[in-house]
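Only one structure is covered here, and it is reproduced in the block below.
By convention here, the first residue in the shown sequence is residue 1.
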Amino acid sequence: MAMPADTNAAGDIFGGWVLSQMDLSAGIAAGQRAAGRVVTIAVDKMKFIRPVHVGDVLCVYSRIGRVGTSSIEVQLEAWALRHRFGHREKVTQATFTMVAVDEDGRPRPVPKECPQGF
């Protein structure tokens, strides 16, 4: 839920807060597909469509796109549930590129097959 501490000078929710929520979502989705740790290497096509307001619940939906040798592209949409109980409205969309890394932080291959239950 967007809180007053997350606002910018205009009183809307700071875009960086929305971006960080989307980064968390991308990391979860890519980490599941990679069966391990991933890091963000790029954010592309970030589009802020509508403002997020205090009291809105931000819902972030992800879809795995292209999977490379060590990289995973994740398409994301963020929707605001207005005032916790109101209508849903698409507020942001972006494409994140994540890279699977080993315990030393070096790129590692993404499994060819999706892990069980994914």
Side-chain angles (χ1 to χ4, degrees):
M1 182 182 323
M3 301 297 283
D6 304 316
T7 58
N8 60 23
D12 295 320
I13 297 302
F14 178 57
W17 181 83
V18 175
L19 177 86
S20 72
Q21 303 308 303
M22 294 176 79
D23 190 40
L24 289 168
S25 180
I28 291 167
Q32 288 174 334
R33 176 60 183 85
R37 183 176 171 214
V38 296
V39 296
T40 307
I41 63 159
V43 178
D44 296 306
K45 303 174 188 166
M46 188 78 180
K47 183 177 180 182
F48 293 96
I49 301 165
R50 300 259 187 272
V52 177
H53 306 291
V54 171
D56 289 349
V57 174
L58 191 69
C59 305
V60 182
Y61 302 95
S62 61
R63 184 175 64 81
I64 299 294
R66 190 187 68 76
V67 177
T69 302
S70 62
S71 65
I72 300 169
E73 187 177 85
V74 184
Q75 282 92 36
L76 296 143
E77 290 185 355
W79 290 69
L81 179 59
R82 298 299 187 186
H83 311 291
R84 294 184 300 167
F85 309 109
H87 71 283
R88 286 182 349 123
E89 188 171 26
K90 185 175 174 181
V91 293
T92 311
Q93 65 187 38
T95 301
F96 282 60
T97 304
M98 315 298 282
V99 169
V101 295
D102 63 19
E103 56 278 347
D104 296 319
R106 290 188 216 113
R108 66 169 176 84
V110 174
K112 297 275 186 227
E113 300 293 321
C114 290
Q116 287 289 2
F118 180 69

**Message:** Counting C-beta onward and ignoring hydrogens, is there a side-chain heavy-atom pair between Ile13 and Asp56 closer than 4.5 Å?
**Reply:**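 Ile13 vs Asp56: side chains apart.
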**Asked** Do the non-hydrogen side-chain atoms of Asp23 and Val43 ever get within less than 4.5 Å of each other?
**Response**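 No, every pair of side-chain atoms sits at 4.5 Å or beyond.
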Please determine whether residues [X] and [Y] belong to a single hydrophobic cluster, defined as Ile, Leu, Val, Met, Phe, Trp and Tyr linked transitively by side-chain heavy-atom distances below 4.5 Å.
X	Y	result
Phe48	Val91	yes
Val39	Ile72	no
Leu81	Val52	no

**Prompt:** Any donor-acceptor pair under 3.5 Å linking the side chain of Arg50 with the backbone of Trp79?
**Reply:**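 Judged by distance alone, no pair lies under 3.5 Å.
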Testing the basics here: between [X] and [Y], what is the closest heavy-atom pair and its distance to 0.1 Å?
X	Y	value
His53	Ala2	O-CB, 3.5 Å
Met46	Ala94	SD-CB, 3.3 Å
Gly27	Val38	O-CG2, 3.6 Å
Val110	Ala34	CG1-CA, 4.2 Å

**Item:** Interatomic distance, Thr7 atom OG1 to Asp12 atom CG [nearest 0.5 angstrom]
**Value:**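 Reported value, rounded in 0.5 Å steps: 8.5 Å.
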**Request:** Give, for atom CD1 of Ile41 and atom OG of Ser70, the distance between the pair rounded to the nearest 0.5 Å.
**Result:**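 These two atoms lie 7.5 Å from each other.
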**Request:** Could I get the full list of side chain to side chain contact (heavy atoms under 4.5 Å, CB included) partners for Leu76, not counting sequence neighbours?
**Result:**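 Counting only residues at least two positions away or on another chain, Leu76 forms a side chain to side chain contact (heavy atoms under 4.5 Å, CB included) with Met22, Ser25, Ala26, Val60, Ser62, Val74, Phe96.
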**Message:** Under a plain distance cut-off of 3.5 Å, with no hydrogens placed, do Glu77 and Gln75 share a side-chain donor-acceptor pair?
**Reply:**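 No pair is found: no donor N or O on one side chain lies under 3.5 Å from an acceptor on the other.
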**Item:** Qualifying side-chain hydrogen bond (donor to acceptor under 3.5 Å, both in side chains) pairs with a residue from residues 95-111, counting only residues at least two apart or across chains
**Value:**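 Of all non-adjacent pairs touching residues 95-111, none passes side-chain hydrogen bond (donor to acceptor under 3.5 Å, both in side chains).
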**Message:** If you count every heavy atom of other residues, nucleotides or ligands that lies below 6.0 Å from Lys47 atom NZ, does the total exceed 12?
**Reply:**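 No - once you tally the heavy atoms of other residues, nucleotides and ligands closer than 6.0 Å, there are 12 at most.
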